[in-house]
Every structure is written in C-alpha cells, then in structure tokens.
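By convention here, the first residue in the shown sequence is residue 1.
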Amino acid sequence: MIIAPDPQTWKARQRLPLHERILALPPEVCELVHKVNLASGLDAVPVPAVVTPSLRRELGEAICGMPASVLELIEPLLLGVCLGHGLGSSGITDIVADAEGRILGCVVLLDIGMLAPHGANSWASWKENLPFLPDGDYTLSATIATPARDTRAGAMQYLLLHEFGHVLTAGYSFLPAWWAPVPAQAFSWLDLSWRVLDGRFLPHPESDFEYRGVVDFYGQRKLGGDALVAACADLEQSDFASLYGATNPYDDFAECFASYVHRELLGQPLALDVLAGGQAVARLEGFWEGPRSLVKRRFMECMLGVEEAGAPALAA
C-alpha cells in the first residue's frame, strides 16, 4: 500500500482522461517499491523514467486501443500509470491510500527498461522464458502480435491489460484484497481454481500439476529443459491460462483477463511454441478455444458485458 503525502494530487490526476494519467514514478512510490525489493532479496533500485513525448504517444495508443468495456471498468479505479526503471518486474499494481488508510485508487507501475529492447512478441517470449535456464535444450516462443503490431506499444498494451486485471481485483470483491487478511468467505473467482489452507492459496487438486508450485518468474531459481516441457504439457491439462497465471489466484485472474481481452475481444494472435534447437516441436492449445476455459470464459463474458446469462455476478 502506497501512502500519499498529498492525496489531492492523485485525485486531481484521476479526473484526466485515462490515456493522460501518465507520470514518472513519484518519490513515495519509489520508496515503497525499494523496500519491497529489499525484503524480497532483489537488488533492483527503482528510479523515475523520463516521460518523453514518444512514450506518451505509445502508451496512449496502447490504452485507447483497448475495448470500451475495459476502459469503462478501469476509469473510476485507476489513479495513474507511473513509469520508471529498476522495479524488479515488468509491471506492478498497488493501491494508494491517504494517511488515515482510506483507499484513493490504484496505480500501475511499468518498468520502461524491461520494455525498451522489445517488440510485443520478443517481450512476451522473454517473459515466458523467465523461469527456465537460458542455455537449456528447450525454449519458448510467444506470439501475441501480427508483424504490423509487433511494436513496443503492442507489448505495453498486453502488459497494461494484465495490470488492469489487478486494478479490477482491487475494485471488486471476486478475490480477497491482497493487502488484508483473507476472510472466511466465498469469492467468485478464487473458488473456481483455488482454496485457502492455513492462510495460503492452494489450487484445487484437479487444477494442480507437478511444476506449478516451483515455477519462479522473478527469482533466482531456474528450471531446466525437461521441466519446461513437462510444465507446458501439464498446463494444457489444467484450467490455467498460462504458467504465470498458475502461480497464484491474482495472476490467474490477471492473465485470464489480459488474454481474453487480447484474443477474444481484440482478435489478436496468442500462441506459445516449444522450441528445440530453434525449431518448433510443440504448440500449446489455445486456452480460450478449448473446453478447459469454459467456466472462466463465462466469468469474463459477464464482467465485460459479452454475455449476461449463466455467469457469476460482480460486486463492488
């Protein structure tokens, strides 16, 4: 939780159009992220990025290219998109509160340094390979953009969709608040694939698989090629949209939200190939095209107004 020394500055920014709520990392955000990184054993030191006209243009393109149904959900919840370097991950979402603990809204933080070298497909491939040894026998190649859209703005849009999924988690009650103890009650998204045991989130036995609990995207533990192949094969038998989504219920929702909007509403490609020696030897089944996504598809359809019947209702 970020404590705002000047809440009115944040609230004033929220009155701007969504694509104009872009700023460099404020000092209070840098301070909190640095503390979190130190506690997590990461040596990344966050600093503000220079918000250039080209960055504003790319981010504006990424946001304005999202469906109206997404922007309508996000508009009352998002305080701003903060740009920096040294965050420790591509993107972070957190809540902002005043000194009395009253929640003002959410901020999304983007690490421009991690996005700078990439178009959409190379960024997605880089992220998918994070848990695995870089010199292993197998690698993953992700395709999330056509050649015309294989740009940094395309990568920003997909990353923002993932982070906007976390924003929605903070604004609605389909998952427990990540900043508070988990209450003993049902949650409409959590209960699809997860349970709470001794304060920990565990998948239902039918959703679990061997490498799910050891895949580590931003830590130091890396897995070999055999684990890559096995994890991808097991993922196809689960009800998770990605390996990253299988790590916890919050990223489960964010990955489903991003991939559903990207694939089903924007009609963009979404494929993951397993490569051996640079040659594709397997392709993961499209999650939203198969029956394993049925229950989560109904949830997304309800949330985004695609189909009202038969889906769990949302509560603010």
Inset, instruction - Mind jotting down which residue pairs meet the salt bridge (Lys or Arg N to Asp or Glu O under 4.0 Å) criterion with at least one end in residues 81-91? Sequence neighbours excluded, please. - result: none
Inset, instruction - Return each pair, listed once, that meets ring-ring contact (aromatic ring centres under 6.0 Å, His included) where at least one residue sits in residues 195-217; pairs must be two or more places apart or across chains. - result: Phe201-Tyr250, Phe217-Tyr244
Inset, instruction - Would you mind listing every side chain to side chain donor-acceptor pair (under 3.5 Å) that reaches into residues 257-280, with sequence neighbours excluded? - result: Arg149-Gln268, Ser259-Trp288, Arg263-Glu289, Glu264-Arg297, Asp273-Arg283
Inset, instruction - To the nearest 0.5 Å, tell me how far Leu110 CG sits from Leu83 CG. - result: 6.0 Å
Legend entry - By side-chain hydrogen bond (donor to acceptor under 3.5 Å, both in side chains) - contacts of Asp252 (at least two apart): Trp189, Trp194, Lys296
Inset, instruction - Show which residues join Leu197 in its hydrophobic cluster (side-chain heavy-atom contacts under 4.5 Å, direct or indirect), or state none. - result: Leu202
Legend entry - All pairs passing salt bridge (Lys or Arg N to Asp or Glu O under 4.0 Å) where residues 218-239 contributes a residue, at least two apart: none
Taking distance alone, no hydrogens or angles, what donor-acceptor pairs closer than 3.5 Å link side-chain atoms of residues 21-33 to residues at least two apart or in another chain?
from  : atom 1 : to    : atom 2 : distance (Å)
Arg21 : NE     : Gln14 : O      : 3.4
Arg21 : NE     : Leu16 : O      : 2.8
Arg21 : NH1    : Glu75 : O      : 2.9
Arg21 : NH1    : Leu78 : O      : 2.6
Arg21 : NH2    : Gln14 : O      : 2.8
Arg21 : NH2    : Leu16 : O      : 3.0
Arg21 : NH2    : Glu75 : OE2    : 2.7
Glu28 : OE2    : Trp10 : NE1    : 3.2
Glu31 : OE2    : Lys35 : NZ     : 3.4

Legend entry - Test of ring centre spacing under 6.0 Å for Phe174 and Phe299: yes
Inset, instruction - Can you tell me which residue pairs pass the salt bridge (Lys or Arg N to Asp or Glu O under 4.0 Å) test with a partner in residues 51-74, sequence neighbours excluded? - result: Glu58-Arg152
Legend entry - Pairs flagged by side chain to side chain donor-acceptor pair (under 3.5 Å) wherever residues 82-92 is involved - sequence neighbours left out: Ser90-Trp123
Legend entry - Residues in side-chain hydrogen bond (donor to acceptor under 3.5 Å, both in side chains) contact with Ser122, at least two apart in sequence or another chain: His118
Legend entry - Partner set under side-chain hydrogen bond (donor to acceptor under 3.5 Å, both in side chains) for His162, not counting sequence neighbours: His166, Asp251, Glu255
Legend entry - Pairs where residues 186-207 contributes a residue and the test salt bridge (Lys or Arg N to Asp or Glu O under 4.0 Å) is met, not counting sequence neighbours: none
